[in-house]
Amino acid sequence: MTTMELAVDRSVTEALESMLLIRTFEEKSAALQAAGQSPTMCTSVGQEASAVGVIRALGANDLILTNHRSAGHLLARGADPGKIMAEIQGKATGYCGGKSGSLHISAKELGVVLTSTIVGGELSLVTGVGLSLQMSGTDGIAAVFFGDGAATEGIFHESVNLATVWNLPILYVCENNQWQAFVHRKETMLTDHISEWAKGYGIESRTVDGNDVEAVYAAAREAVEYIRKTGKPYFLETYTYRLRGHMEPDDQAYVDKNELASWKTKDPIGAYEAKLLDRGAVTRDELDAMRERATQTVERAAKFAAESPYPSFDQLTADVYA
Amino acid sequence: MTTMELAVDRSVTEALESMLLIRTFEEKSAALQAAGQSPTMCTSVGQEASAVGVIRALGANDLILTNHRSAGHLLARGADPGKIMAEIQGKATGYCGGKSGSLHISAKELGVVLTSTIVGGELSLVTGVGLSLQMSGTDGIAAVFFGDGAATEGIFHESVNLATVWNLPILYVCENNQWQAFVHRKETMLTDHISEWAKGYGIESRTVDGNDVEAVYAAAREAVEYIRKTGKPYFLETYTYRLRGHMEPDDQAYVDKNELASWKTKDPIGAYEAKLLDRGAVTRDELDAMRERATQTVERAAKFAAESPYPSFDQLTADVYA
Amino acid sequence: MRTMTSEEAMTEGLAEEMRRDAAVLTFGEGTATKGYKLVGEFGPHRVRNTPLAEGIIAGTAAGAAATGLRPVIDLLFAPFMTFAMEELVNSAGKLRYISGGQFSFPLVTISRTGAGWAVGGQHNHNVEAWFVHAPGLKVVMPSTPADFKGLMKSAIRDDNPVIFFADIGLLHTPGEVPEGEYVVPIGKAAVRREGSDVTLISYAKTVQRCLDAAGVLAERGVSAEVIDLRSLKPIDEETILASVKKTGRAVVVHEASLTGGVGAEVAAIVAQKAFGALKAPVMRVAGPDAPPPASYPLEQAFVPSVERIVEAASLTN
Amino acid sequence: MRTMTSEEAMTEGLAEEMRRDAAVLTFGEGTATKGYKLVGEFGPHRVRNTPLAEGIIAGTAAGAAATGLRPVIDLLFAPFMTFAMEELVNSAGKLRYISGGQFSFPLVTISRTGAGWAVGGQHNHNVEAWFVHAPGLKVVMPSTPADFKGLMKSAIRDDNPVIFFADIGLLHTPGEVPEGEYVVPIGKAAVRREGSDVTLISYAKTVQRCLDAAGVLAERGVSAEVIDLRSLKPIDEETILASVKKTGRAVVVHEASLTGGVGAEVAAIVAQKAFGALKAPVMRVAGPDAPPPASYPLEQAFVPSVERIVEAASLTN
Ligand SMILES: Cc1ncc(C[n+]2csc(CCOP(=O)(O)OP(=O)(O)O)c2C)c(N)n1
Ligand SMILES: Cc1ncc(C[n+]2csc(CCOP(=O)(O)OP(=O)(O)O)c2C)c(N)n1
Ligand SMILES: [Mg+2]
Ligand SMILES: [Mg+2]
């Protein structure tokens, strides 16, 4: 095996492990919620390839903005599962000291600057982050994750247009998961692809199969290189599907059973495992070991969160002003 | 001369007279402002063909929404110049009793429902008017006039997308006059044509020479027929130029002299007069008579406005609530 | 009497008005999905899902209201109204006046706020005071299931835009709701408990805390009157002033942040118009000037407690 | 001392801060066109025109502020801020707290409001109270050219978002402005006239009317103290209370609509914290609960007049 192949190999298993960690983490969070041991949260089950593929293409100094469905982005970036779980539960040891809860977790230390649960909030903020990067003269870029629903907010239009006119180094990542809370995307637009909207602004854009982690990674790599080279923004749509409900608990009674079933066959993790087994890149035993590691990690995180204290009451009025 | 030709003939001179009235009215208003006899207002000098061409294509029951640059739309619809002038001056006899001033004149009796001087306000309101028309089951349509600047507001995106998804009977008329107050359109977007943005939504769209009243009329007729037949919205961009400043007084110091000069040669009124003279559709004497009539009408309007009283002080708190 | 939750009561009020008046329709993000029963009864044209775009939802409501419909829109959580301020304030609130009375804007917005779900400061933010300080709007915020229903019906019948706030902490608590036609007038407060020594003035979830505080105070020999404002604009000055003139003492209580809250307006009214009767400082007990935190214990601590109300009432003695 | 208009003073303050700190930049609709001199000095990257889109202007400012820049954005007229409420309130105001203090948002917004240009209710709407009732923001509204400059400089240096309101009626009136470095601290009111019988508390254009009213009152033997708040959040409780404790009477005056205005907060503070000293009802003199009309005479009538202030002060006697 050449060094090159080895590198690819490691990258491949890392991507899979990252996806497994996200899945395990989110299913555990949901289970805790169902058991009355955690507040509600949104999961990204089914969308792991989008998070992992894009984030692995970013550099250490690049900045990330995300939204209410952020655990995947955070974990892919190497966040501490315990600190996320603690934050979800409103504990003092969470990334935001428990003040965010699950919906607006940012982690400056990881370059996850600014998270908003206002749908579209991330789009309004990213242009400013891009502006800072532009003015600083570094070659850093800002990647912003948002949904197909966010794309129907007016601020989407304002953000993409400004980034294009001002040549801001921004990677727009539209995770088109077919759902906007309880409304199917098809009820909200005539186009299937948000990248169709992007075209009008004159921004470089592309839609990629969001359930294929290697395809997402390749597309994101290309996008990141383009941005670094030209200083211009890039619009990447990852076409995927939200396999669980909008927010825990959600019986998905409003979801078309056939559509859901058909997308379940395209589960990014199952598909990737099959592909890697097929290629001989992993063995069943290695897979089992990976799952076991993910489970261990998540159990430790859950324990950490459960044992963490709530913030003290003086936190109620702390950090309002700088 | 056949009846058909006669009808066209009358329509042609009516269109010209309508444009002349607008020009005369606005130049008088600006002169009064300069003389300290009127508050400030925005004029549509250079854009008369857009107003006249579109509004003549509408039916009597169709509804109109407009913005801060509305005198042309109102006059083309047959508004009383005296009541507009009085409103500009904040007089009790104005269309809104003096409470609007120049910036948000609506005239329900003419079907000019809802005018907002918030750029984009008209776009947020028109979907509701379209919804009322849709629910009422009539074949009425709502025409909304807005600028290229309004198109850069997020609400543009939300409005056009909703109208498209809900099949609302709306004629979007984007008067792309190359200016957004003191900012050139080119500083705000990469595209030259707002209709490029419209395409993404799946709305039928077209750009027309906004300085050619016959071309605008023909395009608007086609659009109106399309909307009545399909119940779907239509996007018409009239490509034109703001020949005076943004708001009176304005020395246009920031305007490129060559660009301005080049568009002055395309003045919709001069161009149309020349064309009609050339065609033999009007004589110089008829033209002079038209101008004279416009001047008379506007002088009467100015006199009416000047002699009108200001609203009584009890109006300060009247009509806040229904 | 039958009981139901505030959420159910509000929906019942809406359904009754839709039955009564074909001009009433409702739309919002997920309105048709969650309101599938309403879709069943009134059809997909009168109960609609929308794209995720609060500005155009509110603008559409304003435009529709001005041209003959009576829209009820669901803006979900109060902080999302920040995306609809232009349409609600500049259009729905002002265009009647600006047009010299040519149009009216009979629309209702619904939004949720307040502690209860530990969802943090971008879902929970009591902004009712903003709308109280905006011309042409009315604002209501009920505290009982009966009022949720009765005020919803009045809001829909009103020819003006009504901003209807639903306190998250109350939505799923059941309470009695009269059968049949039941309308609560906008602008009329309710005296929830009579008393003679001090007036506790509140609305939404803190009304119950005032009642609990009144219980504690009674044990200490202090007779507290409790007023539930219900309508924040117009505000029922008459009921407030009559009570304070009787008791000579006022404590205003709400969950919204203290500074610039509705309590300031109530205190100012009292300080000007009941001054002669006042025996003690006008007290305010309110949330801190901070965003509501997500962490459950902190979120709960944001809300004025019975203890704080009792303490403030005691300071007036 | 040299004189200049408030507009000039504000721009001078901005230019000085841009000279001092390379992180300061300014953008807005027409900012570069109108500020061509600033473009000349600081270059097109630090002085920018934007598309016509207030939401993204404010959002960009918030994102830039959180990552090292100090943006000053011009939102033109206050009612246009309705398109930027989400970004100012939910992001700039809350994300520091929500993130557990990870970020700060040193940005300044400028917007104009108030009677003066007869432009009607969609250009003229005093909404300062909204921002006072939003966590994490500061709010200033000066009344003199010197304060326009000094507060602009403080606002830019502040590590928090500062909402700077410019009263249209004051922009072109010249006044004295000290040479050289001149900074006015945020949160500190100014006593514009000392007096012993009644305190007139105001800000922006109605400060001068209070001073004029104080003149009239003096002729009648009433000694009025006039306080110019300048900062509306944080508000200078200390100065207000010291004065009212001395005079025993308070009249709060502003152009913004009465109900839910900043005057309510001031009155509430006084009614709670200076109650013992009060000899008379706390009066408010403010604009009506209506949109400001365009018609010039009506627009002028919207603003509290000297007569109304004198009358209110007299009622406290
Ligand atoms: C401004 C705003 N409106 C509504 C909501 C409620 N909400 C939260 S997530 C969501 C759906 C978002 O859809 P999308 O942007 O596609 O992201 P996804 O949840 O599918 O990842 C909605 C409506 C919100 N948080 N903010
Ligand atoms: C929301 C909002 N922002 C800014 C303004 C100030 N303003 C008035 S007209 C105008 C330019 C509008 O440009 P456009 O939409 O192209 O219309 P035009 O004036 O060219 O007809 C601006 C910036 C406003 N009235 N409303
Ligand atoms: Mg989605
Ligand atoms: Mg324009």
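A, B, ... follow the sequence lines: proteins, then strands. Residue 1 opens every chain. Because only heavy atoms are used, hydrogens play no part in the values below, and waters and symmetry mates are left out as well, while side chains stay in.
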* **Close contacts, residues 123-133 of chain D versus chain C, judged by heavy atoms under 4.5 Å** => D:His125, D:Asn126, D:Ala129, D:Trp130, D:Val132, D:His133
* Got a sec: does the CD of D:Gln300 have more than 12 other heavy atoms crowding it under 6.0 Å? -> yes
Report, one line per pair, each donor and acceptor closer than 3.5 Å where one atom sits in a side chain of residues 76-89 of chain C; sequence neighbours left out.
{"from": "C:Thr82", "atom 1": "OG1", "to": "C:Pro79", "atom 2": "O", "distance (Å)": "2.7"}
{"from": "C:Thr82", "atom 1": "OG1", "to": "D:Asn90", "atom 2": "ND2", "distance (Å)": "3.1"}
{"from": "C:Glu86", "atom 1": "OE2", "to": "C:Asn90", "atom 2": "ND2", "distance (Å)": "3.2"}

* Structure fact -> If one checks every heavy atom of C:Leu278 against chain D at 4.5 Å, the contacting part turns out to be both
* Is chain D contacted by the side chain of C:Ile269, its backbone, both, or neither, given a heavy-atom distance below 4.5 Å? -> both
* Asked: Under a 4.5 Å heavy-atom cutoff, which of C:Pro135, C:Gly261, C:Ser91 has the most pairs with chain D?
  -> C:Pro135
* **Option that, when pairs with chain D are counted at under 4.5 Å, heavy atom only, ranks first among C:Thr259, C:Asp289, C:Leu258** =>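 Option with the greatest count: C:Thr259.
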* Residues in ring-ring contact (aromatic ring centres under 6.0 Å, His included) with D:Phe105, at least two apart? -> none
* Would you give the length of the straight line joining atom CD of C:Gln272 to atom CG of D:Leu315, rounded to the nearest 0.5 angstrom? =>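 So the gap between those two atoms works out to 8.5 Å.
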Mind ranking [options] by heavy-atom pairs under 4.5 Å with chain C and telling me who comes out on top?
options                                : answer
D:Pro293, D:Gly120, D:Ala250, D:Gly55  : D:Pro293
D:Ala264, D:Ala267, D:Ala271, D:Pro291 : D:Pro291
D:Val262, D:Val270, D:Ile98, D:Val282  : D:Val282

* Asked: Can you list every pair that meets ring-ring contact (aromatic ring centres under 6.0 Å, His included) and has a residue in residues 230-271 of chain D, with sequence neighbours left out?
  ->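 Listed once each, the pairs are D:Tyr203-D:His254.
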* Asked: Of the non-hydrogen atoms in C:Tyr97 and D:Ala290, which two are nearest, and what is the gap between them?
  ->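 Heavy-atom minimum between the residues: CE1-CB, 4.2 Å.
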